[in-house]
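Chain identifiers are assigned alphabetically (A, B, ...) following the order of the sequence lines, protein sequences preceding nucleic acid strands; residue numbering begins at 1 within each chain.
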Amino acid sequence: ILGGRTSRPGRWPWQCSLQSEPSGHICGCVLIAKRWVLTVAHCFEGRESAAVWKVVLGINNLDHPSAFMQTRLVKTIILHPRYSRAVVDYDISIVELNEDINATSYVRPVCLPSPEQWLEADTYCYITGWGHTGSKMPFKLQEGEVRIISLEQCQSYFDMKTISSRMICAGYEAGTVDSCMGDSGGPLVCERPAGQWTLFGLTSWGSVCFSKVLGPGVYSNVSYFVEWIQRQIYIQTFLLD
Amino acid sequence: CLYNSCLDSCGGSSLCDPNNSRNNCSQCEPITLELCMNLPYNYTSYPNHLGHRTQKEASISWESSLFPALVQTNCYKYLMFFACTILVPKCDVDTGQRIPPCRALCELSKERCESVLGIVGLQWPEDTDCHQFPEENADNQTCLMPDQYVEECSPSHFKCRSGRCVLASRRCDGQADCDDDSDEENCGCKERDLWECPSNKQCLEHTVICDGFPDCPDSLDERNCSFCQDDELECVNHQCVSRDLWCDGQADCSDSSDEWACVTLSKNANSSSFLTVHRGATEHHVCADGWQETLSQLACKQMGLGEPSETKLLQQQENDQRWLMLHPLWGSLSGTTLHKLLVNGQSCESGSKISLLCNKQDCGRRPAARMTKR
């Protein structure tokens with residue numbers, strides 16, 4: 001996260017780290033149910049097998065396992081069938097853990113939006129992750145507040161790409177607070193009036209975040225995929241006996 | 001792998017692991033960078049002249065955005081060709097040798113286009129010092145120069161009638177970008193061999209029509225995709241299955257969509273929510289005979305909700321619609337859906353049906369983040 005700050009344990013209990021040996025942390029991910037996390041499809045390029053992955057939850061410092069940490073293996077990886085590597089569209093995947101997590105104050109699922117719940121431009125939300133801060137890869141979870149940008153305005157930053165309805169743009173013109181490499185798959189969450197935090201985006205792509213090109217980050221639009229997500233979980237849980 | 005592109009074992013996503021064996025990595029690889037898919041050569045080798053280690057890295061680089069945008073200014077006819085010779089340098093498949101652009105090509109590109117970048121406060125990419133490239137025909141070193149067959153525009157561009165290149169994302173975007181406005185001509189879906197959504201004139205590739213994913217606002221691209229018999233229903237993937245098989249607990253559609261959303265809660269006048277099963281795509285209520293709390297939990301979980309908050313047995317009305325009842329041996333039946341445990345009703349002894357309320361999933365709260373009083 002560029003321009004963010006170090007978070008505190010328990011502030012983002014749905015944040016998880018998707019890890020694969022020998023690299024360790026590869027991508028962020030988000031807990032949405034006791035045995036289900038969301039991340040982005042491009043994290044699995046070159047590592048499609050569930051066997052090489054594990055999910056670590058309840059940590060703040062990647063380098064210091066906490067008492068609240070829970071680690072699970074990956075049982076199933078479901079990539080969106082329309083994911084396209086070339087244009088990074090439909091960049092979302094659902095991961096089934098090998099067993100339920102224990103819900104604690106430091107490991108808890110985030111809410112999913114309803115399919116008709118879409119974010120207005122100029123709404124302020126949070127992004128979190130252990131990705132590049134512009135100068136280094138941090139050990140401690142970083143958080144940053146970003147503003148939702150309209151798709152039309154966003155398209156003007158990315159001439160070479162088509163910003164589709166499967167995407168959300170967030171950040172600032174100057175790119176002062178933005179996600180970066182290593183944050184992919186992590187959450188863009190917004191607090192709803194009732195005080196519940198809801199997941200609206202998954203960090204997906206953007207300009208090369210520690211170079212001259214600035215501009216907002218692009219996130220997979222979770223509202224667009226909610227029905228697909230719920231359907232895949234239902235099929236995996238109830239129909240594949 | 002030192003100084004050469006990594007083989008698949010390193011994938012596109014990370015540095016070569018130190019313990020990676022010293023593969024013979026100086027092999028050519030097919031060009032996959034969309035920007036440079038119309039070159040007079042098809043193989044490249046990495047790292048390239050800009051220091052990118054993989055084509056994936058090149059595809060998200062600053063230069064892969066800069067050059068296509070610069071090509072639109074028409075500053076130099078062969079700028080895109082030069083850009084590709086440094087983004088995806090030619091690799092001679094026979095010798096594995098990399099063939100660089102000639103110095104003249106680099107100097108002409110820089111001479112004609114660097115000033116244009118200066119106007120918008122940008123610089124020519126640092127790593128492209130032309131002296132690193134050989135003179136044309138110098139001591140029989142081969143280098144690349146464009147011939148008359150070289151495409152001036154990349155596959156990511158639209159070629160105006162005037163010959164200029166504008167980014168493909170600007171084709172039919174409602175604003176004329178070509179100097180002759182040709183990018184805003186023939187913008188109808190049919191003229192571009194695309195499928196048109198009746199409601200909003202959105203153009204779709206034919207490949208996404210009837211693929212099970214609605215793309216038009218009113219999902220018309222997923223209508224009239226198959227013609228089922230009267231006693232059949234259409235699956236999401238447009239396969240036809242007999243109506244009797246709908247929500248019978250057994251997936252009959254190859255995408256299992258005949259077993260989706262089979263259990264719901266339907267509101268009625270006094271806002272009790274009756275447990276409803278859509279057997280044969282017809283709403284059925286559930287007879288209360290033999291009901292157990294574990295079944296209420298299964299019903300709520302199957303609907304993606306939290307724990308049941310209330311289970312009531314409500315008297316049936318005379319003109320009540322169809323209902324289902326528990327299979328006599330439901331406890332021993334394998335399989336995990338509620339509707340699989342239900343059979344068409346004979347006599348419902350209790351004369352009552354199930355009304356159910358489920359809590360929402362407990363989510364989005366962060367108890368540890370509370371500010372602690374000091």
Side-chain angles (χ1 to χ4, degrees), chain A residues 8-14 22-23 26 31-33 42-43 45-47 68 81-82 85-88 90 103-106 108-112 155 158-163 165 189 191-192 194-199 205-208 211-213 228 230-231 233-235 237-241, chain B residues 8-15 17-19 32 34-35 56-57 59-62 64-66 68-69 72 122-123 156 167-170 173 208 211-213 236 250-251 255-257 259-262 298 301-304 334-338 340 360-370:
Chain A
R8 285 205 319 273
R11 268 177 70 81
W12 313 106
W14 38 79
S23 312
I26 300 275
L31 185 70
I32 58 167
H42 80 251
C43 289
E45 279 176 22
R47 291 185 173 93
F68 314 114
R82 277 191 172 179
R85 175 174 184 166
V87 294
V88 196
Y90 293 90
T104 66
S105 297
Y106 296 86
R108 303 179 72 80
V110 72
C111 298
L112 287 177
Q155 182 67 68
F158 298 106
D159 247 344
M160 289 296 292
K161 300 272 189 190
T162 299
I163 303 296
S165 57
V189 288
E191 189 168 19
R192 297 287 82 191
Q196 281 183 319
W197 288 84
T198 302
L199 177 72
W205 61 275
S207 54
V208 185
S211 86
K212 351 175 181 8
V213 182
W228 176 76
Q230 290 169 340
R231 186 148 290 160
I233 292 177
Y234 171 73
I235 291 171
T237 308
F238 292 100
L239 296 187
L240 296 185
D241 50 0
Chain B
D8 284 344
S9 56
C10 300
S13 58
S14 69
L15 281 169
D17 302 330
N19 55 4
T32 56
E34 188 201 348
L35 207 52
K56 175 97 182 154
E57 190 178 331
S59 72
I60 61 170
S61 68
W62 149 252
S64 73
S65 295
L66 173 79
Q72 296 183 105
L122 295 173
Q123 299 147 330
S156 304
L167 291 169
S169 59
R170 298 187 164 185
D173 67 348
V208 304
D211 74 337
F213 286 98
V236 167
Q250 204 59 42
D255 64 0
S256 74
S257 53
E259 294 301 310
W260 297 349
C262 292
L298 174 59
K301 184 180 176 193
Q302 190 169 321
M303 290 183 278
S334 70
T336 52
T337 54
L338 174 71
K340 188 168 185 175
K360 282 197 166 189
Q361 287 267 17
D362 176 21
C363 63
R365 294 187 308 109
R366 43 185 208 167
R370 291 233 174 295

- Message: Does A:Arg8, at its CZ atom, have more than 12 non-hydrogen atoms belonging to other residues, nucleotides or ligands within less than 6.0 Å?
- Response: no
- side chain to side chain contact (heavy atoms under 4.5 Å, CB included) with A:Pro9: which residues, sequence neighbours excluded? A:Asn60, A:Tyr106
- Residue A:Trp228 versus chain B: region with a heavy atom under 4.5 Å: side chain
- Query: Relative to chain A, which segment of B:Ser257 carries a heavy atom at a distance below 4.5 Å: side chain, backbone, both, or neither?
  - Reply: neither
- At what distance, to the nearest 0.5 angstrom, does CZ of A:Phe158 lie from CG of B:Leu167? 14.0 Å
- Using non-hydrogen atoms only, which part of B:Lys301 is less than 4.5 Å away from chain A: side chain, backbone, both, or neither? both
- Task: Please look at B:Leu35 and chain A and tell me whether the side chain, the backbone, both or neither of the residue comes under 4.5 angstrom of a heavy atom of that chain.
- Result: side chain
- Task: Using side chain to side chain donor-acceptor pair (under 3.5 Å) as the criterion, list what pairs up with B:Arg365, not counting sequence neighbours.
- Result: B:Asp362
- What residue, out of A:Ala194, A:Ser105, A:Pro81, has the most heavy-atom pairs lying under 4.5 Å from chain B? A:Ser105
- Side-chain heavy-atom pair B:Arg366, A:Arg108 within 4.5 angstrom cut-off: no
- Message: Is B:Ser64 in contact with chain A via its backbone, its side chain, both, or neither, using a 4.5 Å heavy-atom distance?
- Response: backbone
- Task: For each of A:Ala33, A:Cys43, A:Cys111, tally heavy-atom pairs with chain B at distances under 4.5 Å, and name the one with the top tally.
- Result: A:Cys111
- B:Asp211 and A:Arg82, any side-chain heavy atoms less than 4.5 Å apart: yes
- When only pairs under 4.5 Å are counted, which of B:Gly304, B:Ala369, B:Ser59 shares the most heavy-atom pairs with chain A? B:Ala369
- Task: Among the options B:Glu259, B:Glu34, B:Gln361, B:Gln302, pick out the one with the most heavy-atom pairs lying under 4.5 Å from chain A.
- Result: B:Gln302
- Query: OG/B:Ser256 to CZ/A:Phe238 distance, rounded to the nearest 0.5 angstrom?
  - Reply: 13.0 Å
- Message: As an exercise, state the distance from CG of A:Leu239 to CH2 of B:Trp260, rounded to the nearest 0.5 Å.
- Response: 9.0 Å
- Message: Please classify the contact of A:Pro13 with chain B as side chain, backbone, both or neither, using a heavy-atom distance under 4.5 Å.
- Response: side chain
- Heavy-atom pairs under 4.5 Å with chain A are the metric here; pick the option from B:Ser61, B:Ala261, B:Cys363, B:Pro68 that has the most. B:Cys363
